[in-house]
Every structure is written in C-alpha cells, then in structure tokens.
Visitor: 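Have a look at the structure that comes next, please.
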Amino acid sequence: MSSDSEDLKDMVNLLRQGAKLTDIPCPACSSPLFRMLDGELWCAKCKKRVIVVSEGRTAEAVTPIVLDKVEGTLLTKIDELNELIMREVDPEKVGELGSVLITLLESLEKIRKLRRKG
C-alpha cells in the first residue's frame, strides 16, 4: 500500500497532466477522484479507473472490479434459475420464473453496457 506522501505526489502529477479534481469520492477508499483529459475517472490512491453508475446530486461510482462481481453473481443466478425452470412442470410457476429470468438478463445487459461506456 502506498504512503500518504506518495499518494499526494501522484495527485499533484495528475493535476500537472491536466486532470481535474472532482467532488466524487472513490467507492473503495473515499479519496477524491480525478477526471482525466479523455473523460475517464481515476483514483490516484487506488491507482484504478472508476466508472460512474449514476451522476446527480449524489454520484455513485463503482470500480470495474465491482462490476465484475455483480456480473458473476447475475450469471450464477441465471444458471440456477435455468435449472429450476427445466425441472418445473407447473406452467404458472414457469411463467413466474421466466419473469425473474428476464429481469436478471436485463440487469446483466445493463452491467455490460456500463463496462463498455467506462
């Protein structure tokens, strides 16, 4: 882990390179994020790119690692739900499970779009 003085030097170097300090905190370490010239958000302390999920009065940011975890969870749940649908014989229950499957697939699509944007 880097020291506070190393973190400060990294932040100063980002500013010298034209990056802008934002009021958005890093979701991992709460350090302020920098907006690079290409528009990318960067945490100088974590030394990672950060993707903004929603920007408004309260901006929520997530690292690509968080997106990977969420995507993995969704894929696991989709697989489990598929197994349940295959075993289910009641058409009404299959319809209910199908609705949940559609919701999970839509969530997976949104996660993948976020990753492409970032």
Side-chain angles (χ1 to χ4, degrees):
M1 185 140 215
S2 58
S3 71
D4 287 341
S5 62
E6 288 173 4
D7 294 339
L8 189 56
K9 285 179 187 177
D10 290 341
M11 290 178 187
V12 169
N13 285 333
L14 288 173
L15 290 170
R16 285 185 181 148
Q17 294 169 15
K20 302 272 190 245
L21 184 63
T22 72
D23 62 348
I24 303 169
C26 173
C29 71
S30 298
S31 178
L33 297 177
F34 289 82
R35 187 165 308 276
M36 306 304 287
L37 293 174
D38 62 3
E40 179 178 277
L41 286 175
W42 185 261
C43 178
K45 189 170 184 174
C46 296
K47 297 174 182 30
K48 292 181 182 174
R49 177 175 61 112
V50 175
I51 299 170
V52 171
V53 175
S54 67
E55 205 164 7
R57 290 182 76 188
T58 36
E60 294 177 45
V62 295
T63 62
I65 293 170
V66 172
L67 292 177
D68 290 343
K69 287 181 181 178
V70 172
E71 183 178 12
T73 300
L74 287 170
L75 289 169
T76 299
K77 292 299 176 188
I78 288 168
D79 186 48
E80 291 171 359
L81 197 55
N82 182 53
E83 293 295 323
L84 288 173
I85 291 171
M86 286 178 12
R87 289 192 303 267
E88 187 57 56
V89 293
D90 179 5
E92 190 173 315
K93 191 75 170 166
V94 170
E96 292 172 11
L97 294 171
S99 294
V100 175
L101 179 60
I102 288 169
T103 301
L104 291 173
L105 290 169
E106 288 170 348
S107 297
L108 181 62
E109 181 182 12
K110 288 177 183 178
I111 291 290
R112 290 181 173 169
K113 280 183 184 176
L114 280 172
R115 185 175 287 114
R116 284 192 298 266
K117 278 173 114 176

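Only heavy atoms go into these numbers, but all of them, side chains included; no hydrogens, no water, no symmetry mates.
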Visitor: Say whether L14 and L41 are linked into one hydrophobic cluster, either directly or through other cluster members, by side-chain heavy-atom distances under 4.5 angstrom.
Guide: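 No, because L14 and L41 fall into different hydrophobic clusters, even though each may have its own neighbours under 4.5 Å.
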
Visitor: Tell me whether L33 shares a hydrophobic cluster with L21, the cluster being built from Ile, Leu, Val, Met, Phe, Trp, Tyr side chains joined at under 4.5 Å.
Guide: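 No, because L33 and L21 fall into different hydrophobic clusters, even though each may have its own neighbours under 4.5 Å.
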
Visitor: In Å and rounded to the nearest 0.5 Å, what is the OG to CH2 distance from S31 to W42?
Guide: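 Separation between the atoms: 12.5 Å.
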
Visitor: Between CG of L74 and CG of L81, what distance do you get to the nearest 0.5 Å?
Guide: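 Here the rounded value is 11.5 Å.
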
Visitor: Measure the shortest side-chain to side-chain distance between K9 and V12 over non-hydrogen atoms and say whether it is less than 4.5 angstrom.
Guide: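 Contact flag for K9/V12 side chains = no.
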
Visitor: Looking only at heavy atoms, what is the nearest atom pair of K47 and D10, with distance?
Guide: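 Answer, listing the atom of K47 first, then D10: NZ-OD2, 2.6 Å.
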
Visitor: At what distance, to the nearest 0.5 angstrom, does NZ of K20 lie from CG of L37?
Guide: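 That separation rounds to 7.5 Å.
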
Visitor: List the atom of L75, the atom of L108, and the distance in Å for their closest heavy-atom pair.
Guide: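 What the structure gives for the nearest pair is CD2-CD2, 3.7 Å.
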
Visitor: Pair up each side-chain donor or acceptor in residues 84-101 with any protein partner under 3.5 Å, not counting sequence neighbours, and list the distances.
Guide:
| unit_1 | atom_1 | unit_2 | atom_2 | d |
| --- | --- | --- | --- | --- |
| E88 | OE2 | D90 | N | 3.1 |
| D90 | OD1 | E92 | N | 3.2 |
| S99 | OG | G95 | O | 3.2 |

Visitor: Could you check whether any side-chain heavy atom of I102 comes within less than 4.5 Å of a side-chain heavy atom of E106, counting everything from C-beta outward?
Guide: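 A side-chain contact under 4.5 Å exists here.
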
Visitor: Check whether any side-chain heavy atom of I24 sits under 4.5 Å from a side-chain heavy atom of R35, and report yes or no.
Guide: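 Yes, side chains in contact.
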
Visitor: What are the two closest heavy atoms between P32 and T22, and how far apart are they?
Guide: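 Closest heavy-atom pair between P32 and T22: CB-O, 3.8 Å.
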
Visitor: If I take atom OG from residue S107 and atom CD from residue E71, how far apart are they, to the nearest 0.5 angstrom?
Guide: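 If we round to the nearest 0.5 Å, S107:OG and E71:CD are 12.0 Å apart.
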
Visitor: Measure across C46 and A28 and return the closest heavy-atom pair with its distance rounded to 0.1 Å.
Guide: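 In this case the closest contact between C46 and A28 is SG-CB, 4.0 Å.
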
Visitor: If I take atom CG from residue L105 and atom CD1 from residue I78, how far apart are they, to the nearest 0.5 angstrom?
Guide: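 CD1 of I78 is found 4.5 Å from CG of L105.
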
